[in-house]
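In what follows, a single structure is set out as structure tokens and then discussed.
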Amino acid sequence: MVTIKSKKEIELMREACRVTALTHKAIEEAIKPGMTTADLDRIAEETMKKYGAISAEKGYDPGIKGVPKYPAATCISVNDEVIHGIPSNKRYIKDGDIVSVDLVALKDGFNGDAARTYMVGNVSKEAKRLIEVTRQAFFEGIKFAKKGNRIGDVSHAIGEYVKSQGFSVVREFEGHGIGRNMHEEPEIPNYGKAGRGIRLEPGMTLAIEPMVIQGKPDILQLDDGWTIITEDGSLAAHYENTILITENEPEVLTIL
Ligand code: MF3
Ligand code: CO
């Protein structure tokens with residue numbers, strides 16, 4: 001069932017999403033070569049705490065047999081890592097890296113989910129373009145995130161835009177509804193047919209999250225049970241915001 005948030009619940013969503021955005025701001029200001037991904041994870045956790053939130057990712061149980069609970073406060077995926085990279089004090093960030101940080105602040109019972117791919121130092125032109133296309137794919141998608149439209153309209157717009165730029169979307173992972181739970185219905189693929197899926201209604205809160213690969217769309221999972229990498233070793237980027245469907249244009253809740 002897709003939940004429609006009440007006025008009160010929307011205010012709580014706004015606040016959780018504000019903390020998510022502030023946490024990204026802290027990471028954006030801190031990230032530099034020589035840091036480890038565990039350093040960034042610590043900064044994220046401290047920032048959430050400062051604003052009265054905790055990480056919804058830490059201890060998250062996907063409910064899949066054999067997959068351990070998620071051990072860190074954030075997901076940090078470097079270069080050919082697509083999503084769900086586990087922060088580590090052995091993983092140093094270096095000049096030229098692209099670093100995807102996906103985090104979910106949980107405050108007063110509600111979740112705010114957002115991801116960004118950060119450029120560290122001198123990044124290649126193609127990596128920059130990949131990051132920009134991934135971000136733009138989100139904005140192409142939400143042009144259709146309006147009352148009366150269908151989820152498929154959003155998915156289709158994202159997928160077609162990415163294809164038009166010569167990159168690939170990940171097919172195995174999707175955006176999602178969000179609220180009291182980090183993952184709620186509906187599922188929101190980054191590709192699909194326009195005119196399909198449920199109709200959007202005011203009060204729905206959705207996490208829209210294009211995951212884009214420079215080369216082939218195929219992915220692999222590492223033995224840690226979490227980290228997703230590109231099969232062909234090419235770069236990947238991620239851009240995600242939590243949005244609110246309204247009577248008019250959607251509101252992006254995780255941008256300050
Ligand atoms: N934040 C991710 C998403 O965008 C989910 C992370 S999985 C977790 O949906 F285990 F880290 F929580
Ligand atoms: Co998400």
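Bear in mind the structure is a predicted one, so any value in this text is a computation, not a measurement. Counting starts at 1 for both ligands and their atoms, following the listed order.
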Check: Any salt bridge between K8 and E11, counting N to O under 4.0 Å?
Finding: no
Margin query: Can you confirm if the aromatic rings of H238 and F173 lie within a centre distance of less than 6.0 Å?
Written below: no
Check: Hydrophobic cluster mates of L106, side-chain heavy atoms under 4.5 angstrom, ILVMFWY only, any path?
Finding: I54
Indicate every side-chain donor-acceptor pair of residues 150-159 with a distance under 3.5 Å to a residue at least two apart or in another chain.
{"residue": "R150", "atom": "NE", "partner": "G195", "partner atom": "O", "Å": "3.3"}
{"residue": "R150", "atom": "NH1", "partner": "G197", "partner atom": "O", "Å": "2.9"}
{"residue": "D153", "atom": "OD1", "partner": "G195", "partner atom": "N", "Å": "2.6"}
{"residue": "D153", "atom": "OD2", "partner": "R150", "partner atom": "N", "Å": "2.8"}
{"residue": "S155", "atom": "OG", "partner": "I151", "partner atom": "O", "Å": "3.4"}
{"residue": "S155", "atom": "OG", "partner": "P189", "partner atom": "O", "Å": "2.7"}
{"residue": "H156", "atom": "ND1", "partner": "G192", "partner atom": "O", "Å": "3.0"}

Margin query: Return all protein N, O or S atoms below 2.8 Å from the Co ion (ligand 2), chain by chain in residue order.
Written below: D113 OD2, H176 NE2, E209 OE2, E240 OE2
Note to self: Once you measure the plane-to-plane angle for F139 and Y239, does it fall in the parallel (<30°), tilted (30-60°) or perpendicular (>60°) bin?
What the structure shows: tilted
Margin query: We want to know whether D80 and T230 form a side-chain donor-acceptor pair, criterion being a heavy-atom distance below 3.5 angstrom.
Written below: no
Distances only, to 0.1 Å: what are the N or O pairs between ligand 1 and the protein that fall under 3.5 Å?
{"residue": "ligand 1", "atom": "1 (N)", "partner": "E57", "partner atom": "OE2", "Å": "2.7"}
{"residue": "ligand 1", "atom": "1 (N)", "partner": "D102", "partner atom": "OD1", "Å": "3.2"}
{"residue": "ligand 1", "atom": "1 (N)", "partner": "D102", "partner atom": "OD2", "Å": "3.1"}
{"residue": "ligand 1", "atom": "1 (N)", "partner": "D113", "partner atom": "OD1", "Å": "3.4"}
{"residue": "ligand 1", "atom": "4 (O)", "partner": "D102", "partner atom": "OD2", "Å": "3.1"}
{"residue": "ligand 1", "atom": "4 (O)", "partner": "D113", "partner atom": "OD2", "Å": "3.1"}
{"residue": "ligand 1", "atom": "4 (O)", "partner": "E209", "partner atom": "OE1", "Å": "3.0"}
{"residue": "ligand 1", "atom": "4 (O)", "partner": "E209", "partner atom": "OE2", "Å": "3.0"}
{"residue": "ligand 1", "atom": "4 (O)", "partner": "E240", "partner atom": "OE1", "Å": "3.0"}
{"residue": "ligand 1", "atom": "4 (O)", "partner": "E240", "partner atom": "OE2", "Å": "3.2"}
{"residue": "ligand 1", "atom": "9 (O)", "partner": "D113", "partner atom": "OD2", "Å": "3.4"}
{"residue": "ligand 1", "atom": "9 (O)", "partner": "H176", "partner atom": "NE2", "Å": "3.1"}
{"residue": "ligand 1", "atom": "9 (O)", "partner": "H183", "partner atom": "NE2", "Å": "2.8"}
{"residue": "ligand 1", "atom": "9 (O)", "partner": "E209", "partner atom": "OE2", "Å": "3.3"}

Item checked: Side-chain heavy-atom pair D113, H176 within 4.5 angstrom cut-off -> yes
Margin query: Do the side chains of K146 and E249 get close enough for a salt bridge, i.e. N-O under 4.0 angstrom?
Written below: yes
Item checked: Nearest-0.5 Å distance, CE of residue M35 to CZ of residue R42 -> 9.0 Å
